[in-house]
Protein chains: 2
Amino acid sequence: MPRNVPLSRDVIVGAALEMAERDGLDRLTMRGLAAQLGVTPMAIYYHVPDKEALVDLVVDEVHQRQVPLELTDEGWEVCLRRRLLAQWEQLVRYPGLGSHLSNQPEMGASRQSIEAGVAFFEAAGFSSRSARLAWSFAITYLHGRLNVDARLRGRGGSGKVAGIRAKDYVAFGVDAVIAGIKATVAEAEAGVDLVAEA
Amino acid sequence: MPRNVPLSRDVIVGAALEMAERDGLDRLTMRGLAAQLGVTPMAIYYHVPDKEALVDLVVDEVHQRQVPLELTDEGWEVCLRRRLLAQWEQLVRYPGLGSHLSNQPEMGASRQSIEAGVAFFEAAGFSSRSARLAWSFAITYLHGRLNVDARLRGRGGSGKVAGIRAKDYVAFGVDAVIAGIKATVAEAEAGVDLVAEA
DNA sequence: ACCTGAACACCGTTCAAGT
DNA sequence: ACCTGAACACCGTTCAAGT
């Protein structure tokens with residue numbers, strides 16, 4: 001029996017997003033998603049090639065909802081801190097998603113996100129190479145932290161470890177990331193500003 | 001038919017470790033492991049409760065082989081750098097293992113590892129709270145980086161992104177982690193050294 | 001004590017068929 | 001064009017039975 005409203009890619013991704021937020025990305029299953037949509041598992045395959053593609057779509061969707069990263073006259077440190085904290089607050093709601101937000105250029109929407117980050121640092125006066133290293137560093141830390149949060153959530157912890165709240169860990173981490181970039185890049189660019197070899 | 005040499009926990013973990021190193025931790029399967037051991041899948045269950053426990057045993061085993069972290073008179077920066085780089089080189093051989101090395105205290109052998117890290121920073125003069133934040137930060141970054149490496153490996157990349165080698169990203173990251181800890185902790189402990197609330 | 005064999009409840013996915 | 005149904009090749013795991 002045909003449904004009242006035909007299935008679509010957007011409806012599928014929307015439902016997948018809901019499931020990912022409720023149960024975590026690792027418990028998102030084609031069969032479960034189909035059941036939630038009131039449809040046969042194979043109906044999904046008409047709109048989406050396979051599960052990997054579906055996960056990529058979900059990841060892209062979340063990426064799209066991100067607060068844009070722009071450099072204001074507050075300085076890159078303030079802008080970066082605001083952005084990283086906002087990004088953490090958004091992504092921590094989707095457990096397991098952190099590990100899928102790699103910094104690999106080949107990955108759809110995340111490519112734009114990476115270029116935006118690199119451009120941000122270049123606008124702040126970093127060399128092209130330093131900008132890439134700095135942005136990768138910041139994002140890598142964030143993903144690492146999201147993984148830890150996902151695991152803490154998975155095993156039913158209260159979110160506190162050794163009397164320190166997850167938020168405190170992140171606050172310290174983001175501050176340290178910024179200070180680390182500042183010091184390390186300053187040192188690297190104090191020497192002759194070598195262009196990265198091809 | 002009984003085997004010439006009876007199965008044991010150690011033999012199982014050893015074989016699992018081999019599989020994890022060859023194919024990645026996510027492709028480690030009870031059935032595949034049993035096949036490699038020339039045994040029925042259920043034989044493993046006599047020695048190990050379930051897959052989660054097996055993975056924990058593998059993770060613990062790798063942890064045990066880690067270079068110990070000790071503070072020498074070279075200073076904590078030098079010691080930490082050496083240790084983090086060594087740890088990365090060791091763990092990058094086991095793709096997917098990074099995300100299982102969480103900083104959750106409840107986790108077997110990793111608990112000792114965490115305490116060792118905290119003790120390291122305390123010995124270097126950090127407050128208890130700062131030591132915990134600093135160690136967590138360093139480890140979190142490393143795990144994030146291992147995740148990225150695992151993904152790069154998974155999709156068959158050359159290991160280079162935008163002309164920058166994985167090793168360069170890690171080298172920058174470790175330097176930035178150290179500089180970040182230095183600056184952030186100095187700032188935090190400049191004020192009245194508040195004891196963390198219970 | 002140590003292991004096998006059959007079975008259960010799940011996966012993702014292919015392939016042919018229905019409307 | 002859009003979806004169903006049956007089937008295949010996998011999982012982790014339980015449970016009863018063999019030696």
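First the proteins, then the strands, lettered A, B, ... as listed; each starts at 1. These numbers come from a predicted model, not from an experiment.
- For the pair A/H47 and A/R31, both in contact range of DNA chain D, the more 5′-proximal nearest nucleotide belongs to A/H47.
- Straight-line distance from the CD1 atom of A/I44 to the P atom of C/dT14: 14 Å, rounded to whole Å.
- Listed nucleotides: D/dC3, D/dT13, D/dG12. Nearest to the side chain of B/D50: D/dT13.
- Of the charged side-chain nitrogens involved, at least one lies within less than 4.0 Å of a carboxylate oxygen, so that A/E115 and A/R132 count as a salt-bridged pair.
- The nucleotide whose nearest atom lies closest to any side-chain atom of B/P6 is, among D/dT13, C/dC3, D/dT4, C/dC3.
- Whole-Å rounding puts the B/I12 CD1 to C/dC2 P distance at 11 Å.
- Atom CE in B/M30 sits about 17 Å away from atom C1' in C/dG5, given to the nearest Å.
- In secondary-structure terms, DNA chain C builds stems of at least 3 consecutive Watson-Crick or G-U pairs, each pair having both distances under 3.5 Å, at C:4-8 with D:12-16, C:12-16 with D:4-8.
- Closest-nucleotide positions on DNA chain C for A/P49 and A/G32 were compared, and the one nearer the 5' end corresponds to A/G32.
- The B/T29 side chain lies nearest to D/dG12 when the options are D/dG12, D/dT4, C/dT13.
- Between the CG atom of B/D26 and the P atom of C/dG12 there is a distance of 15 Å, given to the nearest Å.
- Between A/L33 atom CG and A/E18 atom CD the span is 10.0 Å, to the nearest 0.5 Å.
- Taking the side chain of B/V39 as heavy atoms from C-beta on, and the options D/dA1, C/dT4, D/dT13, the nearest nucleotide is C/dT4.
- In this entry the distance linking CZ of A/R27 with P of D/dG12 reads 17 Å, nearest Å.
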### Query
Taking it one step at a time, do B/Y169 and A/F137 satisfy ring pair (Phe, Tyr, Trp, His ring centres under 6.0 Å)?
CA-CA 8 Å; B/Y169 281 108; A/F137 173 62; over 10 Å; no
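- Checking C/dG5, C/dG12, D/dT4 against the side-chain heavy atoms of A/A43 singles out D/dT4 as nearest.
- A straight line from CG of A/D23 to P of C/dC10 spans 15 Å, rounded to a whole angstrom.
- Rounded to whole Å, the distance from OH on A/Y45 to C1' on D/dC2 is 17 Å.
- Of the candidates C/dG12, D/dT13, D/dC2, the closest approach to any side-chain atom of B/P41 belongs to D/dT13.
- Checked against C/dT13, C/dT4, D/dT4, the side chain of B/M42 finds its nearest nucleotide in C/dT4.
- No close placement of the B/W135 and B/F120 rings is indicated, their centers lying 6.0 Å or farther apart.
- Hydrophobic clustering (ILVMFWY, side-chain heavy atoms < 4.5 Å, transitive): B/L80 and B/V78 are in distinct clusters.
- Taking a cutoff of 4.0 Å between a charged side-chain nitrogen and a carboxylate oxygen, B/R82 and B/E74 qualify as a salt bridge.
- A salt bridge links A/E61 to A/R65: one of the charged nitrogens lies within less than 4.0 Å of a carboxylate oxygen.
- For C/dC3, neither phosphate oxygen OP1 nor OP2 lies less than 4.0 angstrom from any side-chain nitrogen or oxygen of B/Y46.
- Note: CG (B/L28) to C1' (D/dG12) measures 12 Å, nearest angstrom.
- Under the 4.0 Å criterion applied to side-chain N and carboxylate O atoms, A/K167 and A/E89 are assigned as salt-bridge partners.
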